[in-house]
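In what follows, every chain begins at residue 1, and chains take the letters A, B, ... in the order their sequences are listed.
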Amino acid sequence: MKFGKRLKQHVQETLPGWRDMYLNYKDLKKLVRLISSSLEYGKSEAEFVYLLNNEIEKFNVFFMEQEEDFIIRHKELQQRIKRVNESEQSSEGEYEEEMAKIRKDMVDFHGEMVLLVNYSNINYTGMAKILKKYDKQTGGLLRLPFIQKVLEQPFFTTELISKLIKECETTMDVLFPTVVVTEEMNDAMIMMAGEGIFRNTVAALVTMKEMRKGSSTQSHFSLPALNLPDSEIIRAFQLKSPIPII
Amino acid sequence: MGRELMPQNFTALPSVPSTNGAVGHIFSSSSSGMSSDLHFSSVPSQSSGVLQSTTSIPYMKENNNSAWSTDSLPDFLDFPQDTPIQPSNLEHSNTAICTIPSEDLGKQNDWQDWADQLITEDDAMTPDWNEILIDTNLADPEPKMTYHVGGSSTNSMQIQPPIPASSGEACIPLTPTPSSCGNSGSHSKPRMRWTPELHEAFVEAVNKLGGSERATPKGVLKQMKVEGLTIYHVKSHLQKYRTARYRPEPSSEGPSERKTSVEDFSSLELKTGLEITEALRLQMEVQKRLHEQLEIQRNLQLRIEEQGRYLQMMFEKQCKSGINNLKPSSSTIDSTNETPNSPGKTQLASLQVDPTEDPNQPTDADSQPSKCAKVNE
């Protein structure tokens with residue numbers, strides 16, 4: 001039940017609009033158990049496949065909606081930057097203020113896109129797991145061919161989003177060169193950064209790490225454990241996040 | 001959708017001598033469980049006249065007193081001597097795209113209207129068909145051909161190579177629904193997947209028409225001239241675009257969380273401007289890290305499945321060849337029980353050379369793959 005628990009936790013913590021869009025892992029697991037004890041094998045498999053297809057459709061619809069939004073917002077951010085750089089009337093202060101806003105928006109935008117990729121990945125993982133369970137408990141051969149189909153689905157082909165993410169990073173590097181961090185800044189940062197999209201990102205990283213810890217069914221089909229060098233900082237964020245901002 | 005209609009209307013087909021073997025080919029493919037959207041695309045031009053007449057069958061009955069199923073159908077099948085679509089194209093119209101001859105592109109605007117009309121089953125269309133049916137030679141298939149080419153391209157398009165005379169960007173990737181035949185009916189419209197290039201074209205069109213407030217979906221659609229784009233797509237995209245412009249960066253966090261952060265920042269702003277910057281920088285770093293890990297994970301997952309496929313294929317071939325070679329030599333039986341390394345290198349070489357065989361086909365003895373698969377897992 002480890003993945004199921006992790007998934008549930010993740011769904012609870014995720015962005016509000018996204019909560020209904022994840023895989024119904026628990027229900028599907030129950031169904032698999034039901035099927036393994038039922039005698040009507042052929043019909044059950046069709047039903048199971050039908051449900052899985054519905055889930056896939058759900059992912060695809062949501063994913064493509066988000067992707068469309070991201071494409072629009074990406075272009076809009078670029079336009080904003082262009083406008084700010086081209087308007088010669090505004091003062092230094094106004095320019096700085098606008099750029100600060102753009103920066104904040106861009107970072108959040110970047111974060112949201114990454115969370116969408118995370119969404120895609122979690123659902124894929126869930127699918128792979130449930131298919132594996134199905135094959136194991138019913139002796140079926142559904143997993144391999146079905147997962148091939150899943151690999152080609154829009155929700156899993158995240159290349160475009162990754163490209164947008166990288167473009168964002170490049171833009172950020174150009175516009176906002178980095179500054180050296182002091183010790184005092186660290187504490188302030190930890191306090192301020194504990195909410196919203198950032199919190200979700202941190203949570204997602206931790207979840208990912210937990211999900212990939214060795215399991216009882218580790219095989220050559222499983223992913224290796226995740227090694228995050230910054231895990232201390234991430235732990236620190238996790239602890240601080242319930243603390244409200246002053 | 002039309003899937004239920006298919007068997008009824010085509011029952012006469014097998015008895016009709018078809019001028020093109022592709023008709024039979026299409027018929028079998030439609031029963032192999034393709035989604036309702038894809039099946040639409042697989043209808044070749046030659047029988048498209050028949051498909052179109054599904055709603056006009058009552059007219060046929062009225063006009064032809066004799067048994068229509070055997071008499072008038074051959075007429076339909078005979079006519080397309082001058083059709084722009086060549087029979088050879090029909091062969092790969094199952095999952096691939098119907099290659100659209102350039103002459104049809106000029107009629108894009110027309111078929112858009114016809115597509116809309118078909119969707120709404122406009123009765124105004126049928127008088128035309130009535131006329132055509134009376135004319136037994138069906139001398140003017142052109143409009144119908146174009147319509148169906150358009151119709152099929154709307155429903156079946158995936159990523160297409162750029163077609164001359166359309167806009168410079170690649171055409172829209174329309175994704176067919178993932179469901180098999182079990183889900184017919186619930187997915188009537190294929191999903192549209194936007195790309196940055198397409199959005200650029202959209203923005204250009206909008207700007208030419210005077211901005212997002214003044215531009216209309218129909219105007220933008222006409223301006224964009226992109227194959228397969230419908231007014232519904234443009235309409236919803238325009239709505240999103242307008243929202244994005246007049247409410248920059250609406251995050252999906254909800255208003256309350258946003259307010260907190262803005263208020264906090266403004267009160268701390270003077271002293272901690274640098275801290276804010278650094279907080280953002282750190283946020284960015286963590287996000288980058290997550291993305292990196294996600295990409296790695298995805299690549300791993302892809303490779304795992306690829307390996308799984310390969311292993312499965314190898315095992316199946318081994319099992320098959322093991323059973324096939326039972327009689328000639330007993331040594332091969334031993335080799336199938338050992339690890340994959342043991343079968344002669346020639347066998348491995350032949351496996352690699354032979355990519356055509358689908359490892360997932362259940363045509364051969366089912367017990368073999370299952371045993372092999374179990375060993376695999």
Side-chain angles (χ1 to χ4, degrees), chain A residues 15-17 46 50 53 56-57 60-61 64 67-69 71-73 75-76 80 103-105 107-112 114 117-118 121 124 141 144-145 147-149 151 153-154 160 162 165 169 172 178-179 181 185 188-189 192-193 195-198 201-202 204-205 208 221 223 226 230 245, chain B residues 175 177-180 182-183 187 191-196 199-200 203 237 240-241 244-245 248-249 251-254 257-258 260-261 264 272 274-284 286-291 293-295 297-298 300-302 304-305 307-309 312 360 369-370 373 377:
Chain A
L15 302 166
Y50 176 80
N53 282 330
I56 291 177
E57 177 72 4
N60 283 339
V61 168
M64 289 197 279
E67 194 182 48
E68 190 179 342
D69 277 331
I71 290 174
I72 295 177
R73 279 160 69 182
K75 182 105 175 78
E76 277 314 295
R80 269 170 78 185
R103 184 180 191 181
K104 167 112 181 51
D105 287 342
V107 172
D108 279 346
F109 176 62
H110 177 270
E112 235 181 294
V114 173
V117 178
N118 186 53
N121 206 283
Y124 173 83
L141 281 177
L144 205 59
I147 206 80
Q148 301 305 320
K149 199 174 75 165
L151 288 174
Q153 294 302 312
L160 177 60
S162 286
I165 289 174
E169 288 168 11
M172 291 291 291
T178 54
V179 176
V181 181
M185 285 184 192
M189 277 190 268
M192 261 191 264
E195 61 175 51
I197 294 205
F198 191 17
T201 311
V202 171
L205 262 173
M208 197 189 215
F221 281 105
L223 293 166
L226 188 59
D230 293 337
I245 308 282
Chain B
T175 54
T177 59
S179 57
S180 58
N183 275 347
H187 314 287
R191 284 262 140 222
M192 157 83 162
R193 199 166 185 188
W194 282 83
T195 65
H199 181 65
E200 283 272 349
V203 172
H237 196 75
K240 288 184 191 260
Y241 184 68
R245 299 213 94 196
E249 279 312 294
S251 65
S252 43
E253 299 169 25
E257 287 189 60
R258 242 184 118 69
T260 341
S261 46
D264 290 331
T272 61
L274 208 55
E275 289 171 0
I276 297 170
T277 303
E278 278 319 301
L280 287 178
R281 189 190 71 82
L282 199 67
Q283 179 176 346
M284 196 65 175
V286 175
Q287 284 167 189
K288 269 184 177 173
R289 174 61 54 87
L290 177 57
H291 183 231
Q293 292 300 325
L294 284 168
E295 284 198 298
Q297 183 156 311
R298 183 165 179 267
L300 276 175
Q301 285 164 336
L302 283 169
I304 285 173
E305 292 309 325
Q307 275 208 330
R309 266 202 321 264
Q312 170 83 339
N360 295 322
S370 66
E377 299 275 359

(Q) Quick check: closest heavy atoms across A:E67 and B:W194, and the distance to 0.1 Å? (A) OE1-O, 4.3 Å

Q) Between B:R193 and A:P154, which heavy-atom pair has the shortest distance, and what is it? A) NH2-O, 3.2 Å

Q: Using the side-chain contact (heavy atoms from CB on, under 4.5 Å) rule, take A:K75 and B:E200 through it: C-alpha gap first, then chi angles, then the decisive distance, then the call.
A: CA-CA 9 Å; A:K75 182 105 175 78; B:E200 283 272 349; 3.4 Å; yes

Q. Looking at OG1 of A:T201 and CE of B:M284, how far apart are the two atoms once the value is rounded to the nearest 0.5 Å?
A. 10.5 Å

Q: Indicate the atoms forming the closest heavy-atom contact of B:R281 with A:R103, along with that distance.
A: CB-NH2, 4.2 Å

(Q) Between B:Q283 and A:D108, does the side-chain contact (heavy atoms from CB on, under 4.5 Å) criterion hold? Intermediate values first, please. (A) CA-CA 9 Å; B:Q283 179 176 346; A:D108 279 346; 3.1 Å; yes

Q: Could you check A:K104 against B:I276 for side-chain contact (heavy atoms from CB on, under 4.5 Å), going step by step and ending with a plain yes or no?
A: CA-CA 9 Å; A:K104 167 112 181 51; B:I276 297 170; 5.9 Å; no

Q | From CG (A:N121) to CD (B:Q297), nearest 0.5 Å | A | 4.5 Å

Q) Of all of A:M172, A:H110, A:E76, which one pairs up most often with chain B through heavy atoms under 4.5 Å apart? A) A:H110

Q) When rounded to the nearest 0.5 angstrom, what is the spacing between CD in B:E305 and CG in A:L144? A) 6.5 Å

Q: Please answer whether the main-chain N or O of A:V107 pairs with a side-chain N or O of B:Q287 as donor and acceptor at a distance below 3.5 Å.
A: yes

Q | Residue A:I71 versus chain B: region with a heavy atom under 4.5 Å | A | both

Q | CA sep, side-chain torsions, deciding dist, call: B:H237, A:I72, side-chain contact (heavy atoms from CB on, under 4.5 Å) | A | CA-CA 9 Å; B:H237 196 75; A:I72 295 177; 3.6 Å; yes

Q) What's the spacing between A:L205 CG and B:L294 CG if we round to 0.5 Å? A) 7.5 Å

Q | Heavy-atom proximity to chain A below 4.5 Å, by part of B:H291 | A | both

(Q) Please give me the minimum heavy-atom distance between B:L290 and A:A204, naming the atom from each residue. (A) CD2-CB, 3.7 Å

